[in-house]
Number of protein chains: 2
Amino acid sequence: MEFKEAKNKFIQTWGALGSQWGINKTMAQIHALLMVSPEPLSMEDIMEELLISRGNASMNLRALMDWGIVYKEYKSGERKEFFTAEKDLDELAVKIAQERSKREIKPALRVLKDVSSIKGNETKETKHFVDQTSKLYDFVLKADNMIDKVTEFKDNWIGRLVMKIMK
Amino acid sequence: MEFKEAKNKFIQTWGALGSQWGINKTMAQIHALLMVSPEPLSMEDIMEELLISRGNASMNLRALMDWGIVYKEYKSGERKEFFTAEKDLDELAVKIAQERSKREIKPALRVLKDVSSIKGNETKETKHFVDQTSKLYDFVLKADNMIDKVTEFKDNWIGRLVMKIMK
DNA sequence: AATATCTTTCAATTATTTTTGAAAGTTTAA
DNA sequence: TTAAACTTTCAAAAATAATTGAAAGATATT
């Protein structure tokens, strides 16, 4: 396999993986491309490499910057903007985890808390409902706390974690 | 909030969460419904409660069973099939993690391994590519191993994990 | 202040995913 | 073996999501 082929395969795979995890394909592809680019790329570069429109590139770059995993850069003398990806993988994982926690898990937790605290007639159905959603609340809360804790580690937390788990 | 409202809210929220994580909305909703049902439900029950077609119910129940998080049950004297969800949350998390690892992570790992081992001319670009994809391979491999390890724990692994992390 | 360079926005289009419903398939019972 | 009860399949339709491209917005340059 030669470089160009490998690069393309990597970008496609990363894109597919992204879309299986609720992240838009192009967004993941742009990120993949920037990850393996030693130099910052312009919007033009990205459009060309991924064969996408200007609008698409613009919107997805914006989204990546909102996630905090792609940065804008300016080159002196150049008018246009350049982009780089967060390349530190620990940092990347933490940012993604934090963002998903904020956007999806925390709101879901609120709902779980609300629905698990209904009061009233104690039928079998309602008892089971409260019991089950309470357990779910505790579980998701723990998982979410884990994300927060993990953030404090930094620097190869996943390696340490694996060590710890394996005892 | 009364029971029916709470139940509906729970199902809707779980469905939305599912679709943000690459799991089809109806599939997540069926699972949510079964989680809070003290008794097994028939396909008819599910169709009625979620207002979905027979085909939709059938396909998504099949998918849930493939994931190993919903089981078929037979009631003696009854002709039709009934369904229950895995209600043990540790078990549920492990099954989901294993399944996603098998379906998505393991294949991606293969690709990462392949593309990170290209040989040839040592330009800045290829060097950076190999370096970056190798790191990614190591990282994803560690994360995936963590899933495997966690499986061995069973019984409230997440609680223990949080304990460990917090020292 | 006019022009050139570059970016963002968004309505319309295109692509993808999900859902439906009816026909075909299966299993049990009479 | 026929019929009834139930489930699965899958092509077509509907719903949802992603993408385009051109116009409007910026911002810097002359």
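These numbers were taken from a predicted model, which means no experiment stands behind them. Chain A is the first sequence line, chain B the second, and so forth, proteins listed ahead of strands; every chain is numbered from 1.
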- Message: Could you tell me how far apart M43(A) (CE) and dG25(D) (C1') are, to the nearest whole angstrom?
- Response: 13 Å
- D131(A) and S134(A): side-chain donor and acceptor closer than 3.5 Å? no
- Task: Measure the distance from NZ on K75(B) to C1' on dT28(C) and round it to the nearest whole Å.
- Result: 19 Å
- Task: For M27(B) and dT19(C), give me the distance from atom CE to atom P, rounded to whole Å.
- Result: 12 Å
- Item | Atom-pair distance (CE on M47(A); C1' on dA18(D)), nearest Å | 16 Å
- Considering the options L34(B), L41(B), L33(B), which one meets the side chain to side chain contact (heavy atoms under 4.5 Å, CB included) requirement together with F83(B)? L34(B)
- Message: With a 4.0 Å limit, can you tell me whether N24(B) has a side-chain N or O closer than that to the phosphate oxygens OP1/OP2 of dT19(C)?
- Response: yes
- Task: Indicate yes or no: does R110(A) engage D114(A) in a salt bridge with an N to O separation below 4.0 Å.
- Result: yes
- Query: Ignoring hydrogens and geometry, is there a side-chain-to-backbone donor-acceptor pair from D66(B) to A63(B) under 3.5 Å?
  - Reply: no
- S58(A) side chain near dT9(C) phosphate (N/O to OP1/OP2, under 4.0 Å): no
- Message: Check this for me: K75(B), atom NZ, are more than 12 non-hydrogen atoms of other residues, nucleotides or ligands nearer than 6.0 Å?
- Response: yes
- Query: When you measure from the side chain of S53(B), which nucleotide among dT7(C), dT8(D), dT20(C) comes out closest?
  - Reply: dT20(C)
- Rounded interatomic separation in angstrom, taking NZ from K25(B) and P from dT20(C): 9 Å
- Query: Whole-Å distance between dA13(D) P and N56(B) CG?
  - Reply: 18 Å
- Query: Nearest to the side chain of R79(B) - dC6(D), dT27(D), dT8(D)?
  - Reply: dC6(D)
- Message: Rounding to an integer number of Å, can you tell me how far L50(A) CG sits from dT20(D) P?
- Response: 10 Å
- Item | Presence of donor-acceptor pair under 3.5 Å, side chain of R54(A) and base of dT8(C) | no
- Query: Starting at CG of L51(A) and ending at C1' of dA15(C), how long is that distance when rounded to a whole Å?
  - Reply: 16 Å
- Across the strands shown, which category fits E81(A) at heavy-atom distances under 4.0 angstrom: base, sugar-phosphate, nothing? sugar-phosphate
- Query: Choosing from dT20(D), dA29(C), dA4(C), which nucleotide comes nearest the side chain of M59(A)?
  - Reply: dT20(D)
- Under-4.0 Å side-chain N/O to phosphate OP1/OP2 contact, T26(B) with dT18(C): no
